[in-house]
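Reading through the structure tokens given below for one structure.
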Amino acid sequence: MELSTQYNAKEAEKNHYKRWEESGFFTPEINNDENAETYSIVIPPPNVTGSLHMGHSLQHTIMDVLTRRKRMLGFRTLFLPGIDHAGISTQLMVTRQLKDEENKTPQDIGREAFTEKVWEWKHKYGDTILNQIRREGISVDWSREAFTMDESLSIAVRNVFVALYEEGNIYRGARIVNWCPNDKTVLSDLEVEDKEKKDGKLYYLQYPIKESEQLAVSSERRKTLTVATTRPETMLGDTAIAVNPNDKRFRDLIGKTVDLPLTNREIPIIADEYVDMEFGTGAVKITPAHDPNDYEMGLRHNLPQLNVMNLDGTMNEEAGKDFNGLDRYKARRKVVADFEELGLLEKIDDHEMVLPVCERCKTVIETLISEQWWVKMDKMRDMALELKRETDYPRFTPHNPHTKVYTDWLENLRDWTISRQLWWGHQIPAWYDEQGKVYVAKSKKEAAKQAGTSALTQEEDVLDTWFSSWLWSFSTLGWDGDTTSTKDLKKFHPTNVIVTAREIIFLWVSRMVMAALKFVDERPFDDVYITGTVLDENGLRMSKSKGNGVDPLEVFDKYGVDATRMTLAGSATGANFAWRDEKVESYRNFANKIWNATRFCLMNAEGAKVDPESIGICRKQHDSIGVIEDNCRNPHDSKWAVEDLSISNKWIISRLNKTAKDVNEALDKYAFHVAVDKLYHFFWDDFCDWYIELVKDEISDFSNDTESKDQKPKTEDQILARTRIVTILEQSLRLLHPFMPYLTEELWQKLPNTNADLHNVAYRSADATIMLADFPVGDDSLIDEKAESEMQLIFELITKIRNIRAEMQIKPSDKISVHIAANDKTQKIFTENEAQILKLARADEIILAGELDVPEASAKGVLTNGAEIAIPLEGLIDFEKERDRLQNQINK
RNA sequence: GGGCAUAUAUGUCAAUUGGUAGACAGCCUCCCUUACAAGGAGGAAGUUGGAGGUUCGAGUCCUUCUAUGCCCACCA
């Protein structure tokens, strides 16, 4: 078989995914063991508007590694894909498109036409990210693909809403909310982010104290009261001034009134502990309708809430006719100018501050009072907290940083605003009759029954996107509230692990816990693995605005999917890490190494076949009930008894089994980087650098040393040696497969005698694929510490000799003789492996003795066990030159 | 303001429960040896951010300081 000398990743990627998918390998049904233990993961649904970024690829790789391994172990696995309708960002996207293409607004075309457009858009572009995901090679079951707005998931949403409403946990109420004037919708606190404003200003405005009350005030300066504000325009909605009751400066003013400039209103001066005496002037203007703190204070003091703004960020008529219709920033400038004209502008200071902005469109948020739908979170919160306290559930990996964050957040959890003033999403199942009375029901028909009339109009608002995603762990498995038990639900819920990013802990993880406990009376998943963040090469967060993002698809093209997956898994320690192309390059090289090692084995594979028994691996198959004896002989009885093999074979078999154990153990602990590291070094160092070199002569047909007596015909021994190396290689490919699916499948298919017999017993009827091969777990009885330490000694000897050769600059072609003084045991080991030592050290002879007896002109070295070695240099090096070289080194 | 991380070779990162500080990339020397130059052999490179402490023994535990990052929070 002719293989090119370089691995072509694209070639391998082209074929296999399609075959895997079409053969049903990704579905749990491929497992024909009805009683097999299950393993399930639901993908955190990416936004329908999104495109793949490194964070996705990291998460997906991790989930796929976990899934592929479990599948190979015989578990009935389900890795379920899907996407999220992402209300705000999708609506934003389509609105923009509408503007660009037709110069229309959503309002121009109406709700129905608009949502139709979004659906069109979804069908056209929604597959983008799914196709990108396919490229990653992840083994998700596409037949179960879900979308948060699928019929069944929508029914689930409606049922959950109705249930919560009926038990009094959903209510409507006017509260102060975050409002995005651009998207014209309310936002939850979690959808608001902070933006630093370095050039902010703090305005000092003077409010005249009511004339009739000035008499009571002693000082001349007290004809006005100065307040400091960053938002002068909101003064039009002020309904009080507050000072701290302990502030001596203002004690005489409490209870007095000021004439609010630019309005005809008088407002009181009140006292409240909240006021910080140190900040500004110590007096604060209070605008209950436009600031969350002022809102709270307003409630405490029964202040009127005066709304002076429209929903688009302009001032309304309450602001007065001079301001009505003015944009908030224009209004700000006008207020300042008017104050200046009145002589009431004391000063303007520079003031760095933090502004709340819309997470999606980055518009500065308005806080205003608005009627919204809310979910009471207290009971669900308590359930989740109790579970955490009592059972440390959910268990986070890494544990330390995330556990406290989760608990703290829950403890301070407030009610959740779930309505959004959008058209894209699940429309709230509430209807109003002509009197404005509300009826919440699963359908209009049922609402009509309740109302006794069909003259009803549905609530315009839709639900927060997270109101559907919090059901994801069970809604994707068929739960819709009407149907509460399905086969999938029974088998795959709770899922085993959720793999996601830190910023999603509150938005999603915590809410999923609450939803699953509440609605299906189960935990949504066992473990939570929180990935680190992929940073750019300067250690900065990747972001669209900075343009420093690394596109996974480009990396796939350049280095191959498998190399990228290895890089990601190898970096998955739970900590953030900086992206480095060099890292991928080294795994690309690793892929090439695997390719070439296989190539070498195939060049010498005539007569050989993959046969686990040849290296003592018993085909004992495990399933969830126990051990299925399957053509299993005692490895120590077999005609290839491991005990009778050479030390180098015992050694590599030991290393293989140890590596298998390590990999399994690491993956059980989510220590992906450990697994990658073990595999990399086992394959490259142990298998390629040493084992292949050790057995090369034995398995090769040729030798360039024509005088060698070892040149053999194809004997049975040679065929067995070939069988062993091919089998070890095949086991290695299985271990590597979860990380490097394409390469390993490509090569596995080329190995001799790879067929469905190598599958885990659960998949014997499927077409041959490494995907379903039995995953090596490592056999303790094949771990041979003695062989390992003896080989270690041999390697050390060879390395030492090579070291001397390099240092003395002995030409590779020059043969040397090696004198060794060692104890009997060591001598015995070296004698038994003389041929291999001679070959790998390029030596002619080894002279073993209890003590060294060598010419003076010898290079010497000592091994860690005390054995001494010496290499006579006479005739090998030019002593004159060597002296010069050493002198030069000293000079340096 | 509170919380949580991080600081280890030139760079990016590892290092189970405290037990000889490693990998990859880069760098230096030699080698296109018939699996692989995306390779092979060898090598140099670290007072583990600073200062204390506990211990036979500390990168690891404690105290403190410094720097950086992230999250949360209502300072106008």
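Numbers restart at 1 for each chain; the letters A, B, ... are given by sequence-line order, proteins then strands. We use all heavy atoms of the structure for the numbers below, so side chains are in, but hydrogens, waters and symmetry mates are not.
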What distance separates [X] [atom1] from [Y] [atom2], expressed to the nearest 0.5 Å?
| X | Y | atom1 | atom2 | answer |
| --- | --- | --- | --- | --- |
| Phe339(A) | Ile348(A) | CZ | CD1 | 12.0 Å |
| Leu225(A) | Arg249(A) | CG | CZ | 10.0 Å |
| Ser510(A) | Trp409(A) | OG | CH2 | 4.0 Å |

(request) Please tell me which of the listed nucleotides, rC13(B), rA76(B), rC24(B), lies nearest to the side chain of Tyr680(A)? (result) rC24(B)

(request) Measure from the side chain of Asn293(A), starting at C-beta and using heavy atoms only, and say which of rC74(B), rA35(B), rC70(B) lies closest. (result) rC74(B)

Pairwise [atom1] distance for [N] and [M], with rounding to whole Å:
| N | M | atom1 | value |
| --- | --- | --- | --- |
| rU6(B) | rA38(B) | C1' | 34 Å |
| rC61(B) | rG42(B) | P | 36 Å |
| rA15(B) | rU60(B) | C1' | 9 Å |
| rA58(B) | rG49(B) | P | 15 Å |
| rG40(B) | rA45(B) | C1' | 22 Å |
| rA21(B) | rG59(B) | P | 8 Å |
| rU48(B) | rA9(B) | P | 10 Å |
| rU8(B) | rC13(B) | C1' | 10 Å |

Pairs under 3.5 angstrom, nitrogen or oxygen only, protein versus nucleotides 6-11 of chain B, please.
from, atom 1, to, atom 2, distance (Å)
rG11(B), O2', Arg580(A), NH1, 3.2

Could you check whether [X] gets within reach of a base, just the sugar-phosphate, or nothing at all, counting any heavy atom under 4.0 Å?
| X | answer |
| --- | --- |
| Thr573(A) | sugar-phosphate |
| Val275(A) | base |
| Phe577(A) | sugar-phosphate |
| Cys688(A) | base |
| Phe506(A) | sugar-phosphate |
| Phe590(A) | nothing |
| Ala228(A) | base |

(message) Does this structure show an ion pair linking Glu693(A) with Lys696(A), if we count only N-O contacts that are shorter than 4.0 Å?
(response) yes

(request) May I ask you to decide if the ring planes of Phe687(A) and Tyr691(A) are parallel, tilted or perpendicular, using 30° and 60° as cut-offs? (result) parallel

(request) Look at the rings of Trp684(A) and Phe590(A) and say which category their plane angle falls in: under 30° parallel, 30 to 60° tilted, over 60° perpendicular. (result) parallel

(request) Starting at the 5' end of RNA chain B, write a dot or bracket for each base, bracketing those in Watson-Crick or G-U wobble pairs whose two distances are under 3.5 Å and using | for partners on another strand. (result) (((((((..((((.....[..)))).(((((.......))))).....(((((..]....))))))))))))....

Check whether the ring centres of [X] and [Y] lie less than 6.0 Å apart, and answer yes or no.
| X | Y | answer |
| --- | --- | --- |
| His351(A) | Tyr204(A) | no |
| Phe556(A) | Tyr742(A) | no |
| Tyr587(A) | Tyr559(A) | no |

(message) If the condition is side-chain contact (heavy atoms from CB on, under 4.5 Å), which residues does Thr500(A) pass it with, not counting sequence neighbours?
(response) Pro44(A), Gln59(A), Ile504(A), Trp508(A), Val509(A), Ile530(A)

(message) Would you say His673(A) places a side-chain N or O within less than 4.0 Å of OP1 or OP2 belonging to rA23(B)?
(response) no

Contact list (N/O, under 3.5 angstrom) for nucleotides 3-5 of chain B vs protein:
from, atom 1, to, atom 2, distance (Å)
rA5(B), OP1, Asn400(A), ND2, 2.0

Identify each atom pair where a protein N or O and an N or O of nucleotides 41-46 of chain B are less than 3.5 Å apart, giving names and distance.
from, atom 1, to, atom 2, distance (Å)
rG43(B), OP1, Asn803(A), ND2, 2.9

(message) Among Asp238(A), Thr226(A), Ile269(A), which residue satisfies the side-chain contact (heavy atoms from CB on, under 4.5 Å) criterion with Tyr207(A)?
(response)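 For Tyr207(A), the side-chain contact (heavy atoms from CB on, under 4.5 Å) check succeeds only for Asp238(A).
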
(request) Measure from NZ or CZ of Arg655(A) to the centre of the six-membered ring of Trp690(A), then state whether that distance is under 6.0 Å and the direction lies within 45° of the axis. (result) no

Between N or O atoms, less than 3.5 Å apart, protein on one side and nucleotides 36-38 of chain B on the other: list the pairs.
from, atom 1, to, atom 2, distance (Å)
rC36(B), O4', Asn596(A), OD1, 3.1
rC36(B), O4', Asn596(A), ND2, 3.4
rC36(B), O2', Asn592(A), ND2, 3.3
rC36(B), O2', Asn596(A), ND2, 3.2
rC36(B), O2, Lys593(A), NZ, 3.0
rC36(B), N3, Lys593(A), NZ, 2.8
rA38(B), O4', Asn589(A), OD1, 3.1
rA38(B), O2', Asn592(A), ND2, 3.1
rA38(B), N7, Gln6(A), OE1, 3.1
rA38(B), N7, Gln6(A), NE2, 2.8
rA38(B), N6, Gln6(A), OE1, 2.5
rA38(B), N3, Arg588(A), NE, 3.0

